[in-house]
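Structure first, commentary second.
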Amino acid sequence: MTRLAQTAGLNDIQREILSTVRDFVDKEIIPVATQLEHRDEYPTEIVEGLKELGLFGLMIPEEYGGLGESLLTYALCVEEIARGWMSVSGIINTHFIVAYMLKQHGTQEQKDTFLPRMALGEVRGAFSMSEPALGSDVSAITSKGVREGDEYVLNGQKMWLTNGGTSTLVAVLCRSDEGHPEGTAPHKSMTTFLIEKEPGFGEVRPGLTIPGKIDKMGYKGVDTTELIMDDLRIPANRVLGGTTGRGFYQMMDGVEVGRVNVAARGCGVAQRAFELGVSYAQQRHTFGKPIAQHQAIQFKLAEMATKVEAAHAMMVNAARKKDSGERNDLEAGMAKYLASEYCKEVVEDAFRIHGGYGFSKEYEIERLYREAPMLLIGEGTAEIQKMIIGRRLLEEYRFQG
């Protein structure tokens with residue numbers, strides 16, 4: 001075994017793609033990641049390299065200029081990228097979710113307009129559900145779109161947009177009461193609107209403001225922002241799929257594959273933490289021998305490696321289930337939950353192995369220690385995943401009394 005988390009059953013093309021991505025991560029991301037992260041600097045050169053590799057179009061069909069690859073291939077690429085720097089995988093993820101939603105739910109005109117340019121990375125995607133006061137309660141959305149002739153007028157404030165500043169296309173979930181009488185269930189009166197904008201901060205188009213980057217504990221480099229709509233007017237043909245009231249289902253479909261992505265990110269960060277821990281344990285000496293020869297450290301390494309393998313296996317299973325065309329919310333929820341929790345634990349164990357040096361910004365593990373917590377809340381908290389898992393289990397194991 002050359003390293004952990006090998007994936008059986010890949011074809012030659014998948015292996016070639018992953019080898020190329022891994023080489024790129026080793027040569028272009030890992031050497032500069034910590035420096036860029038400490039400066040909270042957007043990784044422009046890295047992103048340009050990913051565009052050249054075709055990763056922005058990895059799952060976009062070939063007819064639109066993409067590579068037409070599977071979710072499994074994409075998730076394994078994300079795992080490699082997150083191993084180098086989790087923020088870069090976030091830049092790819094939000095773009096991918098918007099492209100996926102367009103591919104699955106967009107009108108033909110919307111696909112023809114956006115997907116070819118998204119495959120090239122010329123149009124970069126972001127998506128937005130959350131608002132300042134709602135957290136995980138999507139049904140409490142207050143942002144609203146009202147039809148006026150051939151346009152919709154959007155008002156409201158959104159929160160936690162990854163790629164909020166650098167994106168040029170944002171999929172935004174709002175209420176839209178048109179055709180939905182009072183008393184309609186909240187999730188049946190939501191619509192996804194496709195908003196085109198200029199990159200940057202401030203007023204990026206009339207009625208649309210991106211105030212600036214949110215200062216975060218970790219997950220730096222990538223721009224996380226708010227989005228404010230004040231009588232923002234967009235054409236009626238920018239309703240995703242052309243029909244109102246389907247936004248909640250469209251977003252949940254995107255988030256479902258996004259959870260596989262977050263699981264992959266957890267796997268990648270955990271792998272890197274294990275690599276750092278096992279390497280340091282063989283270099284650091286105490287009491288006349290490398291600390292890796294102390295049983296306490298060996299036990300810790302064994303537990304870390306087992307968690308890396310288990311999380312990877314669940315992530316691969318969830319991706320393959322989705323690729324087969326089957327419902328995978330149970331598998332995706334389990335994979336996201338396990339991978340994010342195990343990631344946190346593996347990173348903390350690697351931090352402990354480093355001792356006092358783990359607390360120094362000179363060591364990479366310090367960055368990973370600040371990045372791992374984001375995975376515990378991104379694409380749904382652990383509690384949300386448990387609710388999804390529990391409900392699905394009760395469907396599968398319904399008591400027949």
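Positions are given from 1, in the same order as the sequence printed here. Below, each value reflects all heavy atoms present in this structure, side chains not excepted, and no hydrogens, waters or symmetry copies.
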Give a yes or no on whether [X] atom [atom1] has more than 12 heavy-atom contacts from other residues, nucleotides or ligands under 6.0 Å away.
{"X": "Lys144", "atom1": "NZ", "result": "no"}
{"X": "Arg391", "atom1": "CZ", "result": "no"}
{"X": "Glu45", "atom1": "CD", "result": "no"}
{"X": "Arg39", "atom1": "CZ", "result": "yes"}
{"X": "Ile13", "atom1": "CD1", "result": "no"}
{"X": "Glu362", "atom1": "CD", "result": "no"}
{"X": "Gln108", "atom1": "CD", "result": "yes"}
{"X": "Glu41", "atom1": "CD", "result": "yes"}

Student check: side-chain heavy atoms of [X] and [Y] closer than 4.5 Å:
{"X": "Arg15", "Y": "Leu18", "answer": "no"}
{"X": "Val98", "Y": "Leu169", "answer": "yes"}
{"X": "Ile353", "Y": "Ile365", "answer": "no"}
{"X": "Asp230", "Y": "Thr209", "answer": "no"}
{"X": "Val153", "Y": "Leu232", "answer": "no"}
{"X": "Ile97", "Y": "Val255", "answer": "no"}
{"X": "Val47", "Y": "Thr166", "answer": "no"}
{"X": "Arg320", "Y": "Thr7", "answer": "yes"}

Using 0.5 Å steps for rounding, measure from the [atom1] atom of [X] to the [atom2] atom of [Y].
{"X": "Met159", "Y": "Leu227", "atom1": "CE", "atom2": "CG", "result": "11.5 Å"}
{"X": "Leu173", "Y": "Glu131", "atom1": "CG", "atom2": "CD", "result": "8.5 Å"}
{"X": "Met251", "Y": "Phe127", "atom1": "CE", "atom2": "CZ", "result": "6.5 Å"}
{"X": "Cys174", "Y": "Ile195", "atom1": "SG", "atom2": "CD1", "result": "6.5 Å"}

Salt bridge (Lys or Arg N to Asp or Glu O under 4.0 Å) between Arg392 and Glu395, worked out: CA-CA 5 Å; Arg392 286 287 286 113; Glu395 288 179 19; 3.2 Å; yes

Please answer whether the main-chain N or O of [Y] pairs with a side-chain N or O of [X] as donor and acceptor at a distance below 3.5 Å.
{"X": "Thr191", "Y": "Gly245", "value": "yes"}
{"X": "Asp40", "Y": "Lys220", "value": "no"}
{"X": "Asp323", "Y": "Leu71", "value": "yes"}
{"X": "Asp349", "Y": "Met304", "value": "no"}
{"X": "Thr168", "Y": "Pro199", "value": "no"}
{"X": "Arg259", "Y": "Glu379", "value": "yes"}
{"X": "Ser279", "Y": "Leu276", "value": "no"}
{"X": "Gln110", "Y": "Val239", "value": "yes"}
{"X": "Arg370", "Y": "Met217", "value": "yes"}
{"X": "Gln104", "Y": "Asp253", "value": "no"}

Charged N to carboxylate O below 4.0 Å: is that the case for [X] and [Y]?
{"X": "Glu331", "Y": "Lys322", "value": "no"}
{"X": "Glu275", "Y": "Arg272", "value": "yes"}
{"X": "Glu256", "Y": "Arg327", "value": "no"}
{"X": "Glu37", "Y": "Arg367", "value": "no"}
{"X": "Glu341", "Y": "Lys344", "value": "yes"}
{"X": "Asp329", "Y": "Lys336", "value": "no"}
{"X": "Glu151", "Y": "Arg238", "value": "no"}

The test is side-chain contact (heavy atoms from CB on, under 4.5 Å); show your working for Phe201 and Lys213 and say whether it passes. CA-CA 8 Å; Phe201 301 99; Lys213 292 171 62 174; 3.5 Å; yes

Could you walk me through whether Arg22 and Glu80 pass salt bridge (Lys or Arg N to Asp or Glu O under 4.0 Å), step by step? CA-CA 6 Å; Arg22 186 175 180 84; Glu80 293 290 355; 3.0 Å; yes

Among Asp12, Thr73, Leu76, Leu10, which one satisfies side chain to side chain contact (heavy atoms under 4.5 Å, CB included) with Ile17?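 The residue from Asp12, Thr73, Leu76, Leu10 that satisfies side chain to side chain contact (heavy atoms under 4.5 Å, CB included) with Ile17 turns out to be Thr73.
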
Which residues share a side-chain hydrogen bond (donor to acceptor under 3.5 Å, both in side chains) with Ser324, sequence neighbours left out: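 In terms of side-chain hydrogen bond (donor to acceptor under 3.5 Å, both in side chains), with neighbours along the sequence ignored, Ser324 is linked to Glu326.
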
Considering all heavy atoms, the nearest Gly9-Gln14 contact: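 For Gly9 and Gln14, the tightest heavy-atom pair comes out as O-OE1, 4.4 Å.
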
Between His95 and Ser167, is there a side-chain donor-acceptor contact under 3.5 Å, judged purely by atom types and distance?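 No, because no side-chain N or O of Ser167 sits under 3.5 Å from a partner of the opposite role on His95.
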
Please evaluate residues Leu375 and Tyr342 with respect to the criterion side-chain contact (heavy atoms from CB on, under 4.5 Å), reporting the C-alpha separation (whole Å), side-chain torsions for both, the decisive distance (0.1 Å), and the verdict. CA-CA 10 Å; Leu375 298 174; Tyr342 275 1; over 6 Å; no

Can you list, pair by pair, the side-chain donor-acceptor contacts under 3.5 Å of residues 48-60, counting residues two or more places apart and other chains?
residue: Glu48; atom: OE2; partner: Lys51; partner atom: NZ; Å: 3.3

For residues 25-33, which side-chain N or O atoms pair as donor and acceptor with protein atoms under 3.5 Å away, sequence neighbours left out?
residue: Asp26; atom: OD1; partner: Arg83; partner atom: NH1; Å: 3.2
residue: Asp26; atom: OD1; partner: Arg83; partner atom: NH2; Å: 2.9

Please verify the inter-ring angle class for Tyr357 with Tyr363; under 30° counts as parallel, over 60° as perpendicular, anything in between as tilted.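 Ring orientation of Tyr357 relative to Tyr363: tilted.
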
